[in-house]
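Since the model is a prediction, treat every value here as computed from it, not as a measurement.
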Amino acid sequence: MTALQQAFETAAQQWRQLEESKTPVFFVGAATCGRAAGAIEVIERLKNEIKKRNLQAQVIEVGCLGPCSMEPILIVHKNGAPRLCYGNVDPERISAILDRYVAGNDPCPQWALGRMTQGRIDGIGDIADHPMFRAQVRHILKRCGLIDPENVHHYLANSGYRGFLKALELGRDGTFDEVRKSGLRGRGGAGFPTWRKWQLCRQTASDIKYLICNADEGDPGAFMNRSLIESDPHSVLEGMLIAAFSIGAGEGYIYCRAEYPLALHRLETAICQMRRLGLLGSNIQGSGFSFELHIKKGAGAFVCGEETALIASIEGRRGMPRPRPPFPAVSGLWEKPTIIQNVETLANLAMILDNGAGWFVRYGSASSKGTKTFALAGKINRTGLIEVPLGISLKDVIYDIGGGVGAGKKLKGVQTGGPSGGCIPADKLDLPVDYESLTASGSMMGSGGMIALDDDTCMVDIAKYFLSFTQAESCGKCPPCRIGTRAMLEILEKIASGRGAADDMDKLGTMAQTVRDASLCGLGQTAPNPVLTTLRYFGAEYEQHIQKRQCPAFVCAALVSYHIDAERCSGCTACVKACPVEAILGERKKPHKIDQSKCIHCGVCLDTCPEAYAAIYRSSGSLTRYEQRKSGESKS
Amino acid sequence: MSSVNQAKVNPEHKHKTPTVKLTIDGRVVAAKKGQTVLDCAGENGILIPHLCSHPVLPPFGACRLCLVEIEGMRGYPTSCSTPAEEGMVVRTGTEALKNLQRNILSLIILEHPGACLLCEKRQICDEFRPDAEKAGSATGCHSCGSRDSCEVRRLAENLGIKELPVAPVYLNRPIEKTHPFIDHDPNLCILCGRCVRICKHQHKTSVIDFTDRSSRTRIGRAFDCSLIEAGCTFCGSCVDVCPTGALAERYAKWQPAPDKSVKSTCTFCDWACELEFGIKQDKLICTKSANENIPVCALGKFALAEFLNGSGRLHSCYVRTDGILRETDWQEALAAVKDRLWNYRGDKFAFICDSTGTLEDRFIFRKFTRDVMQSPNYIELEGADQAFKRAAVPAGVKAAFISGGCIEADSLSKLEVLIIQDCYPSEASGRADVVLPVRVLAETEGTIKDRFGRHRPLLKACEPPKAAGSEWMIICRLAKTFGAEGFNYEFVADITKQLNPPPAPPEIQTGQTPGPAQDLKQMRTHFRGHRIDGHVGGLRELNAGPEPAPVSMPAQTKGTFEILDNRRLVPNTHEIVIRAPQVASKAQPGQFVIVMVDEKSERVPYTLCDWNIQTGTITIVVQEKGLSSRKLILCKPGSKLAHVIGPLGVPLEIKKYGTVALAAGCYGIAAIIPVARALKNAGNTVLAVTEARTGYLLYYGDRLRELSDEHVQAAIDGSLSPRGHAVDVIAGRLKSGEKIDCVIAIGCPFMMMLTARETKPYGVKTLAALNPIMLDGTGMCGACRLTVDGKMKFACVDGPFFDAHLIDWDELKDRRRAYSAEEIHSLAATAPAERSHTCARPINR
């Protein structure tokens with residue numbers, strides 16, 4: 001029996017034991033996101049409490065289940081009861097759950113997100129019915145948050161490496177056919193059909209070929225890849241095995257940014273496990289296929305996510321893109337045919353092989369098959385990592401999964417695709433989330449950032465924000481990107497500061513087109529998207545900034561002034577004390593006044609003014625905005 | 001290195017390469033397989049704009065200018081990186097492409113001081129100012145030493161750049177002038193990467209590379225070390241491929257651009273590299289490797305022109321009479337040689353030379369020694385290695401004829417007669433009886449033998465200084481003076497025919513990287529017995545090694561006039577406050593001072609921009625143009641100037657004119673401050689119009705707004721509104737019927753000439769403030785002579801203000817260029833400390 005076969009048996013046994021455990025098992029979501037929310041403190045408290053109570057119990061660190069706004073997440077296994085999932089746990093809640101549920105009979109439904117397994121508990125529904133999960137189809141993320149990412153047996157017990165073994169059965173060509181039939185497209189952003197890329201590489205004669213996993217996730221706000229690697233590293237590595245096998249690569253690199261220490265640690269652990277199980281090295285599982293894996297830590301330059309820059313970086317050169325052709329699939333790393341796939345693309349492969357292309361194409365739209373993960377963020381009620389079938393409407397994502405915008409706010413639009421994407425206005429929310437539709441709208445799928453914008457978001461400011469990111473991340477090689485983005489930013493800053501000229505929108509548009517059409521690589525070609533889409537859909541807002549010198553979202557500091565409503569002001573001096581430039585004059589019990597010549601528009605007074613008074617109002621051009629006054633009762 | 005190399009055709013397989021047919025702009029053309037669309041188009045006379053692409057370098061695709069449309073390909077591929085393929089349909093000149101190219105180039109010009117490219121008066125300016133101004137920092141084409149070779153400029157003209165989308169910026173990066181030979185101005189760099197790539201291509205390493213990213217991307221060395229520390233061998237190929245003035249040869253950059261090129265062989269050493277000489281009016285301006293794939297050493301690249309044009313060159317014959325070497329002509333000199341040597345025929349005579357001369361020269365030397373002097377003592381020093389050798393005179397020899405200076409000092413005293421023919425004076429020539437000037441290096445012709453025994457041609461590329469002659473010709477004439485036969489050679493080729501063994505047909509290319517271009521230690525230090533670095537400043541710095549050069553001049557402490565403040569207003573322009581109580585107490589608007597930084601400095605006039613009787617200080621605004629102003633700008637507060645003489649000149653007549661329009665540019669913006677103040681106090685309405693190439697060069701806006709009734713800032717490139725020159729604003733007012741009673745122009749002569757020309761039709765009184773080259777400033781020397789209304793005037797005592805409509809501007813322009821050659825030489829000869837400075841102060845925007 002091979003080491004792998006043995007491991008499969010052990011895995012099945014281990015998993016069964018876990019499922020049927022007589023003693024309690026606590027699963028704590030401790031990926032980076034969970035840790036940021038306090039998961040480590042939760043684990044510590046949990047262990048202390050268990051020790052204190054002399055409990056026979058296990059604590060298992062799992063990955064990320066997805067709902068960021070509900071982190072840290074704890075799943076409790078209690079013998080004879082369905083597993084329960086709790087959100088927003090903190091050390092206090094831990095003690096309470098131990099007291100009331102584990103030791104007692106109160107499942108604490110007020111903190112529970114749902115049941116994870118079959119069974120009945122009053123007041124706690126199936127997690128699948130939770131609004132955050134209801135519309136999701138979790139394939140890529142199916143193990144995330146449920147297994148110990150550092151225990152390969154958990155992976156093996158949950159259909160791990162079955163796809164790869166299937167691939168070995170099908171052979172190189174059969175595997176390729178299966179991927180071709182699946183219609184899988186690259187999840188890194190551009191959506192290039194995976195099989196086409198492979199075909200080019202397979203057709204190129206070379207004794208050495210490389211496979212690179214692009215884990216250089218760099219979009220601000222995007223964390224799908226990190227989460228996946230931290231929660232289920234083997235799913236990506238299995239995908240690499242399948243891809244390498246099919247294209248004939250003998251060596252692979254994982255290009256992962258150094259800012260992802262936990263992901264790197266989990267990859268290193270997983271690679272060791274693979275080696276032990278005979279899943280790496282020469283003649284893997286007696287198939288004649290040999291494969292070696294290396295990790296290359298990226299230094300965090302956004303442009304290194306671009307294929308040719310990434311290759312240059314691995315080769316030890318400056319991460320600067322080069323023109324194509326030749327395409328990396330023909331001449332890439334060390335001038336050898338090289339396939340570069342995004343983390344999520346690779347994670348899809350194991351499922352496609354395991355379940356068959358026929359299963360895969362059941363999900364998604366006509367041209368965009370399968371599911372896609374998104375990092376849902378912004379002015380939305382439920383944020384987090386989600387997975388939906390492609391073709392789902394934006395509306396379903398924003399309202400059903402995300403729960404819409406905050407009370408009293410209006411959704412203004414959705415930004416997709418990170419700094420390379422664009423802003424889709426609220427009235428276009430019926431748009432299906434697929435490659436073609438998003439591109440036609442002027443945005444793009446990107447790697448999966450999705451940011452909801454409400455009426456407190458200024459579209460000029462949003463464009464400025466994303467452009468300042470790409471501008472700073474430009475490698476500096478080509479002038480359209482290096483100088484064009486800077487010049488565009490200059491115009492945006494001019495508009496945002498109330499110095500906009502009538503022809504600035506035209507200039508901005510022309511320059512954006514030049515940068516888009518003339519830049520060397522994807523970074524530059526897509527950098528103008530935030531500007532182009534906001535100009536296209538929110539042109540009126542630009543005009544307001546330029547012509548009326550007003551920012552309707554009250555964001556652009558230079559266009560917003562702060563005032564005190566003398567009738568509302570009680571003279572509490574809170575704002576007087578808080579103002580960093582001593583611009584507020586006033587005595588106790590007398591209405592205060594802001595000296596406009598001193599005011600730096602920082603907004604601290606607005607934040608300080610007690611909600612009961614809400615005496616500070618803002619004006620921008622002819623617009624004024626008061627904050628909602630909350631009565632004294634509701635305050636307590 | 002990179003796979004993109006594949007797109008380049010290996011020249012060895014050219015004839016075997018199959019061809020493909022493609023259509024470019026409707027024409028079916030053939031391309032070698034693998035050839036890029038850009039190269040193929042170029043071969044067929046279809047010119048696609050490009051900047052980063054270079055014939056010997058692999059495609060880089062950075063500048064994006066060579067975009068084309070190719071049917072079936074998405075977007076606009078770059079023709080430099082796209083291989084031509086069978087059946088391809090390419091379009092190059094569509095309106096969409098032209099627009100895109102214009103937009104890209106406009107973006108490049110935003111960060112490349114190119115305001116001159118947008119100037120509507122460029123043509124008049126080019127005629128009035130044929131040479132670039134020797135400014136410290138180039139802020140436009142007219143202060144850039146690479147103006148005539150600049151590819152950005154050429155492209156901008158071809159594509160017709162009319163305006164910029166936003167105001168340009170000055171990158172404000174320290175200009176590197178402390179490297180040997182090379183000035184690096186990163187503010188002019190367009191990051192085409194040619195320098196980085198040629199270094200990799202030729203040396204298989206990268207001394208320089210891109211550093212930092214986004215707007216901060218620049219070309220630099222690791223850890224910002226110096227070029228010497230980075231291991232640069234100063235082959236200068238990076239300078240040769242630079243399409244702008246970012247990398248420039250310090251010696252050549254201010255010289256007029258060459259109009260002719262000649263290929264010949266370098267004879268500094270026996271690697272005998274093939275060089276391409278840039279010639280202007282028979283003068284050698286610059287050199288470079290004739291083979292762009294192969295570097296040459298620093299001697300070939302940088303030392304040749306400076307060595308040949310050195311001010312110390314022997315250019316006349318000298319004969320010692322009464323113990324003193326006196327200049328004479330050839331006839332007399334040769335007669336003197338015969339006279340001195342006649343009695344030493346036989347073995348008392350020796351002829352000494354080294355092996356750097358041509359085969360023909362040495363053939364004649366030998367023949368002269370044997371046939372005319374009947375001596376066996378022909379001594380030829382082998383100079384194969386770089387070690388310097390000197391010959392000792394054989395025992396019994398009392399007279400010697402030496403070509404060069406390679407003789408042992410001890411031997412000199414044993415000689416009764418010494419004849420020297422050489423290019424530079426040496427210890428030996430100082431003791432010689434007769435000294436004859438010779439042509440060397442690119443001034444000579446003939447055949448030489450390289451270190452591999454190959455014969456290499458030497459073609460005359462430039463003219464020698466004055467009387468210097470070819471060595472073979474001198475000796476032949478000398479032989480005839482002796483009455484010898486067999487020296488009737490008219491051309492060097494006549495001698496070549498007689499060489500034994502006859503030289504093989506010369507090969508012009510070596511195809512090999514010369515040792516000294518890879519390893520500085522292999523570079524020759526001596527030529528004909530002279531230390532080469534004695535005549536080439538850059539070599540001295542190179543040999544001195546990587547010592548950090550001080551960034552400012554050591555403070556002068558000897559003088560009387562203390563500098564209290566020195567700050568940069570805008571690039572190239574400094575405001576300097578000097579303690580000079582007596583000048584301050586007497587100063588009046590329009591007057592100037594003459595400043596000498598130290599006792600040996602040039603005397604330069606500067607208009608008084610402000611003064612304060614209470615504090616006893618004066619303010620001048622100095623533009624860095626040439627060595628003297630640079631020295632002044634480098635003076636730190638606390639240092640003392642040797643002399644500040646003034647106030648000089650006739651003050652401006654302050655009275656009530658009515659409405660006075662002041663037109664000011666460059667230093668004049670500061671110079672109109674006291675004028676505006678006085679005129680305003682006298683009850684005039686003052687319109688102050690200042691101009692600059694671009695917005696970031698304007699200063700004193702607030703002060704002038706305060707001092708004048710109306711202040712207008714005009715930018716020639718349109719970065720500020722109104723666009724244009726100051727006089728455009730004034731002429732516009734005049735045209736619209738506005739009443740202006742007097743126009744006063746202060747700025748560069750071009751700007752004042754322009755003002756005079758434009759105001760003339762309106763008959764408005766126009767004054768210009770002239771401060772041409774001056775010496776004493778008191779009307780004695782006449783250096784500042786000019787013609788006004790047909791009469792001779794001295795700017796120093798009759799001026800500075802003259803009726804601008806009556807000034808002979810052409811004469812003024814020509815007189816300003818009188819010392820151009822000396823100015824250039826002094827700039828190249830300065831020490832690193834005098835060249836470099838960093839201005840910490842950020843520019844005013």
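Within residues 94-103 of chain B, the residues having any heavy atom closer than 4.5 Å to a heavy atom of chain A are B:Leu100, B:Asn103, listed by residue number. Residue-level contacts of residues 496-513 of chain A with chain B, in order of numbering, are A:Lys507, A:Thr510, A:Met511; threshold 4.5 Å between heavy atoms.
Note: A:Cys475 leads A:Cys475, A:Pro321, A:Ala487, A:Ala301 in heavy-atom pairs under 4.5 Å with chain B.
At a 4.5 Å heavy-atom cutoff, A:Ala312 makes no contact with chain B through either its backbone or its side chain. No part of A:Thr485 comes within reach of chain B, as not one of its non-hydrogen atoms sits under 4.5 angstrom from that chain. Both the backbone and the side chain of B:Ile108 come within less than 4.5 Å of a heavy atom in chain A. Heavy atoms of B:Ser106 lying under 4.5 Å from chain A are absent altogether. The contact between A:Arg486 and chain B is made entirely by side chain atoms (from C-beta outward), counting heavy-atom distances below 4.5 Å. In this structure, chain B has heavy atoms under 4.5 Å from both the backbone and the side chain of A:Leu520. Heavy atoms closer than 4.5 Å to chain A are found nowhere in B:Leu105, neither backbone nor side chain. Heavy-atom distances place both the backbone and the side chain of B:Ser214 under 4.5 Å from chain A.
Closest heavy-atom contact between B:Pro83 and A:Pro325: CD-CG, 3.9 Å. Nearest heavy-atom pair, A:Ala518 versus B:Leu67, reported as atom, atom and distance to 0.1 Å: CB-CD1, 3.9 Å. Among all heavy-atom pairs drawn from B:Ala62 and A:Pro479, the shortest one is O-CD, 3.1 Å.
Checking A:Thr514, A:Val515, A:Asp517 one by one against B:Ile104, the side-chain contact (heavy atoms from CB on, under 4.5 Å) holds for a single residue, A:Thr514.
Distance check: B:Phe60 CZ to A:Cys478 SG gives 10.0 Å after rounding to the nearest 0.5 Å. Here the straight-line distance linking atom OG1 of B:Thr217 with atom CE of A:Met320 works out to 8.5 Å at 0.5 Å rounding. Once rounded to the nearest 0.5 Å, the distance linking CZ of A:Arg317 with OG of B:Ser206 reads 11.0 Å. The CZ atom of A:Arg482 lies 4.0 Å from the CG atom of B:Leu191; values are rounded to the nearest 0.5 Å. Between atom CD1 of residue A:Ile483 and atom CD1 of residue B:Ile190 there is a gap of 9.0 Å, rounded to the nearest 0.5 Å.
Taking the side chain as every heavy atom from C-beta outward, B:Arg213 and A:Phe302 never approach each other to under 4.5 Å.
Listed for the A:Lys477 side chain is no donor-acceptor partner under 3.5 Å among the backbone atoms of B:Gly193.
Crowding of A:Lys494 atom NZ: a count of heavy atoms from other residues, nucleotides or ligands under 6.0 Å exceeding 12.
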